[in-house]
Undergrad: 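Okay, handing you the structure first.
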Amino acid sequence: MTDLAMDYLGLDALLSAEELAWRDTVRGFVRDRIRPYITDWYERAVFPAGIAAEMGRLGLLGTHLSGYGCPGRSAVEYGLAALELEAGDSGLRTFVSVQGSLAMSAIAKFGSEAQKQRWLPPMAAGELIGCFGLTEPEAGSDPASMTTTAHRDGGGWIINGAKRWIGLASIADVAVIWARTQDGIRGFLVPAGTPGFTATPIEPKLAMRASIQCDITLTGVRVPAGAVLPGAAGLRGPFACLNEARYGIIWGAMGAARDAYEAALGYALDRRQFGKPIAAFQLTQQKLVDMVLEIQKGLLVALHIGRMKDAGTLIPEQISFGKLNNVRTAIAIARQARTILGGNGVALEYSPMRHANNLEGVRTYEGTDEVHILIMGRAITGIPAFT
Ligand code: TGC
C-alpha cells in the first residue's frame, strides 16, 4: 500500500499534534482491545461489558464533557475517537455514544447538581452504565407521539409505558426515560432495579451484534421528585442529546468505511486471478478510487462540522447533512468493498459485510435518512414536509 492509499489528500495536516496523538491512542486501543476479538463478539452477539472500564480509563466516555470526572476534550477529538472506534465496530462506537452522548450528556446538560455528582464521575470511569429511553414501539421517527407517561404521586412520580431499541438498557445502572407529563415531555433518571422497570434484549439481530438493544417496560415505576431532570422541558431536551450522538456518527461512519476500504485494498493487492493481482484490473481500481474519493470527502465534512461545533456555530440542520451523507456513503463503500472480496466477502473473517450490516442500524437510529432529508428540505425551503 502507498502513503496516498491511506491519506490521499494529506488530511492529517489539518489536525494538531495533540489531535493526532489522541487519534493514534484510540487507534492503538482498537488494534489491541477490539480487533482481535470482534468477530467472536459479533458471531456470539456479545457486548463485552468489561471493556467499559478500560474505555473509561482511556477517556472515551463523556469525552467532550467537562467537569465531574469527564475528560473535557474537544468535539473534534471526540469525533476522532468515534472514527477509530467504528473502524473496529459500530457496536463498540455505539456503546460510547449511548453512554457519553446520550445518557451522560442528558445529565450534564439538564441534571441537578446532585444528579451530576452522583452519576457522572462513575459513568465517565465506566463503572456505571447509562441508557437513553426515547424511542417507543409506536413512536420512532415521531417521538412527539410518545405514550409513556409520568404522573405526580405524593412527593414523587409514577411512570408507565414502553421503550424500544434502547441501547445498553439491560446492563444499565441508570435509564434516562423521557415521558409525557402534565407539563409536557420531561426526563427522569430511573435506577436499575426500580420495581416495575424491565429491560429485555432484542434478539436475534442481523446488525450491531456486538452491542445490546432492548425493549423496556415501565409498569407503575415510582421515582422520587429528585429523579426528574430539572433543566429539560419539552422535546428540545432529548433532541439536544440526539444532536451529540448524531455528531459522533458523522465521524464514526467514516471509520467503518475506511476499514472496509482497507480490507478491500489489502485483499485486492494479494488476491491473484487471471495471472495478476485483482488490484491490477481497471474495474477494481475504479471501485477503490471511488471509495477513496468518498472517504476523503466524508472526512472533510466531519472535520468541518467538528470545527464548527468547537467554535459554537454548528446548527442541528448541519448535523443532519453530515449524518445523512456520511452514513449513506459508508454503506455504499462497505457494500462495494464486499464485492472486491468476492465470495470471501461473506465470511465473517473479513470486515466489510459486518460493517455494511452494522451501518443499516446506524442509518436507522438517531434519525433515518428520510428524517434527515426532511430536516434539510425544511432548512432549504422553509417548508416542513414531515406529514
Ligand atoms: P418538533 O416536535 O416540532 O420539535 C420539538 C422541539 O424540539 C426542537 N428541536 C430540536 N432542538 C434541538 N436540536 C434538534 N435537533 C431539534 N429538533 C427539534 C424544536 O425546535 C422544538 O422546540 P420548541 O422549543 O419549539 O418546542 O419537531 P420538529 O418538527 O423540529 O422535528 C421533527 C423531526 C421528525 C425532525 C423530529 O421529530 C426528529 O428528529 N425525529 C427523529 C427522532 C430520532 O432521531 N429518533 C431516534 C432516537 S434514538 C433512540 O431513542 C434509541 S437509539 C440510541 C440507542 O442505541 O439507545
Side-chain angles (χ1 to χ4, degrees), residues 1-12 23-24 26-28 30-32 34-43 82-93 206-210 250-302 325-363 369:
M1 282 186 211
T2 67
D3 287 347
L4 286 182
M6 306 317 297
D7 184 14
Y8 199 91
L9 291 176
L11 299 185
D12 279 4
R23 190 269 316 266
D24 291 345
V26 182
R27 189 175 286 182
V30 172
R31 180 194 60 227
D32 297 339
I34 295 180
R35 286 190 189 280
Y37 312 106
I38 186 57
T39 55
D40 179 54
W41 296 335
Y42 190 90
E43 183 178 12
L83 176 80
E84 295 306 324
L85 288 167
E86 198 147 354
D89 190 78
S90 301
L92 277 294
R93 196 272 306 147
L206 294 173
M208 296 285 181
R209 292 179 56 76
I250 297 170
W251 287 88
M254 282 299 109
R258 187 192 73 198
D259 188 70
Y261 155 73
E262 286 178 14
L265 175 59
Y267 188 89
L269 290 168
D270 281 350
R271 170 80 171 172
R272 297 181 71 84
Q273 290 292 284
F274 303 102
K276 55 187 178 181
I278 60 172
F281 289 97
Q282 292 178 354
L283 291 178
T284 305
Q285 289 197 6
Q286 179 174 23
K287 291 177 185 179
L288 292 168
V289 168
D290 283 345
M291 291 181 211
V292 169
L293 287 170
E294 296 307 322
I295 292 168
Q296 296 279 287
K297 286 190 277 184
L299 286 172
L300 279 169
V301 167
N325 183 74
N326 283 13
V327 179
R328 195 155 73 174
T329 300
I331 291 178
I333 289 169
R335 288 182 181 157
Q336 187 71 288
R338 205 290 306 157
T339 70
I340 291 178
L341 296 164
N344 286 329
V346 306
L348 189 50
E349 173 188 355
Y350 295 98
S351 67
M353 195 157 161
R354 171 170 54 82
H355 287 307
N357 281 7
N358 282 337
L359 287 164
E360 292 295 340
V362 179
R363 144 179 270 170
D369 283 6

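Along the sequence shown, the residues carry numbers beginning at 1.
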Undergrad: Just to verify, what does Ala334 make a side chain to side chain contact (heavy atoms under 4.5 Å, CB included) with, not counting sequence neighbours?
TA: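 Ala334 satisfies side chain to side chain contact (heavy atoms under 4.5 Å, CB included) with Ala260, His355, Ala356, Leu359 only.
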Undergrad: Quick one: does Val362's side chain get under 4.5 Å of Arg93's, heavy atoms only?
TA: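 Heavy-atom side-chain distance check passes, below 4.5 Å.
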Undergrad: At what distance, to the nearest 0.5 angstrom, does CG of Asp24 lie from CG of Asp12?
TA: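 These two atoms lie 8.0 Å from each other.
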Undergrad: Which residue pairs pass the side chain to side chain donor-acceptor pair (under 3.5 Å) test with at least one member in residues 325-334, sequence neighbours excluded?
TA: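 Found none.
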Undergrad: side-chain contact (heavy atoms from CB on, under 4.5 Å) for Ile34 and Leu85? Distances and angles first, verdict last.
TA: CA-CA 8 Å; Ile34 295 180; Leu85 288 167; 4.0 Å; yes
Undergrad: Locate the shortest heavy-atom distance separating Pro352 from Leu341; write the atom from each residue and the value.
TA: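 Heavy-atom minimum between the residues: CG-CD1, 3.4 Å.
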Undergrad: Ignoring hydrogens, what is the shortest heavy-atom contact between Tyr37 and Asp32? Give both atom names and the distance.
TA: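 Nearest pair, atom of Tyr37 first, then Asp32: CE1-O, 3.8 Å.
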Undergrad: Could you tell me which non-hydrogen atom of Asp259 sits nearest to which non-hydrogen atom of Ser351, and how far apart they are?
TA: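 Minimum heavy-atom contact is OD2-OG, 2.7 Å.
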Undergrad: Using the side-chain contact (heavy atoms from CB on, under 4.5 Å) rule, take Ile340 and Leu288 through it: C-alpha gap first, then chi angles, then the decisive distance, then the call.
TA: CA-CA 9 Å; Ile340 291 178; Leu288 292 168; 3.8 Å; yes
Undergrad: Determine yes or no for a side-chain-to-main-chain donor-acceptor pair under 3.5 angstrom, with Asn358 supplying the side chain and Ala207 the backbone.
TA: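 Judged by distance alone, no pair lies under 3.5 Å.
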Undergrad: Mind jotting down which residue pairs meet the side chain to side chain donor-acceptor pair (under 3.5 Å) criterion with at least one end in residues 276-289? Sequence neighbours excluded, please.
TA: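 Every side chain to side chain donor-acceptor pair (under 3.5 Å) pair that includes a residue of residues 276-289, provided the two are not neighbours, is Lys287-Thr339.
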Undergrad: Can you name the residues that form a side-chain hydrogen bond (donor to acceptor under 3.5 Å, both in side chains) with Arg272, not counting sequence neighbours?
TA: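 Residues passing side-chain hydrogen bond (donor to acceptor under 3.5 Å, both in side chains) with Arg272: none at all.
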Undergrad: Give a yes or no on whether the backbone of Trp41 and the side-chain of Arg209 come within a donor-acceptor separation of less than 3.5 Å.
TA: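 No, Arg209 side chain to Trp41 backbone: no donor-acceptor pair under 3.5 Å.
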Undergrad: Minimum heavy-atom separation for Trp251 and Ala82, please, with both atom names.
TA: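 For Trp251 and Ala82, the tightest heavy-atom pair comes out as CB-CB, 4.3 Å.
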Undergrad: List for me each residue that meets side chain to side chain contact (heavy atoms under 4.5 Å, CB included) alongside Arg31, sequence neighbours excluded, and say none if there are none.
TA: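 If we apply the side chain to side chain contact (heavy atoms under 4.5 Å, CB included) test to Arg31, skipping adjacent residues, there are no hits.
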Undergrad: How long is the straight-line distance from CG of Asp40 back to CD of Glu43, given to the nearest 0.5 Å?
TA: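 Output value for this atom pair is 7.0 Å.
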Undergrad: So, using salt bridge (Lys or Arg N to Asp or Glu O under 4.0 Å) as the criterion, who are the partners of Asp290 when residues are at least two apart?
TA: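 None.
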Undergrad: Go through the structure and list residues passing ring pair (Phe, Tyr, Trp, His ring centres under 6.0 Å) with Phe281, not counting sequence neighbours.
TA: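 Testing Phe281 for ring pair (Phe, Tyr, Trp, His ring centres under 6.0 Å), a comparison that skips the adjacent residues, returns none.
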Undergrad: For Asp369, check salt bridge (Lys or Arg N to Asp or Glu O under 4.0 Å) against everything at least two apart and list the hits.
TA: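 Partners of Asp369 by the salt bridge (Lys or Arg N to Asp or Glu O under 4.0 Å) criterion, ordered by chain and then number, come out as Arg363.
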Undergrad: Run the side chain to side chain contact (heavy atoms under 4.5 Å, CB included) test against Leu4 and tell me which residues pass, sequence neighbours left out.
TA: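 Side chain to side chain contact (heavy atoms under 4.5 Å, CB included) check on Leu4 returns Thr2, Tyr8.
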Undergrad: Can you list everything that forms a side chain to side chain contact (heavy atoms under 4.5 Å, CB included) with Leu11? Sequence neighbours excluded, please.
TA: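 Once residues adjacent in sequence are excluded, the partners of Leu11 under the side chain to side chain contact (heavy atoms under 4.5 Å, CB included) criterion are Asp7, Leu9, Leu14, Gln296, Leu299, Leu300.
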Undergrad: Which atom names give the shortest non-hydrogen contact between Tyr42 and Leu206, and what distance separates them?
TA: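 The answer is OH-O, 3.4 Å.
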Undergrad: Report the distance from atom OH of Tyr261 to atom CD1 of Ile295, rounding to the nearest 0.5 Å.
TA: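 Between atom OH of Tyr261 and atom CD1 of Ile295 there are 7.0 Å.
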Undergrad: Residues in salt bridge (Lys or Arg N to Asp or Glu O under 4.0 Å) with Arg258, at least two apart?
TA: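 Expected list: Glu84, Glu262.
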Undergrad: Just grab all the salt bridge (charged side-chain N to carboxylate O under 4.0 Å, His left out) pairs involving residues 336-355, residues at least two apart or on different chains.
TA: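 Salt bridge (charged side-chain N to carboxylate O under 4.0 Å, His left out) check on residues 336-355 returns Asp89-Arg354.
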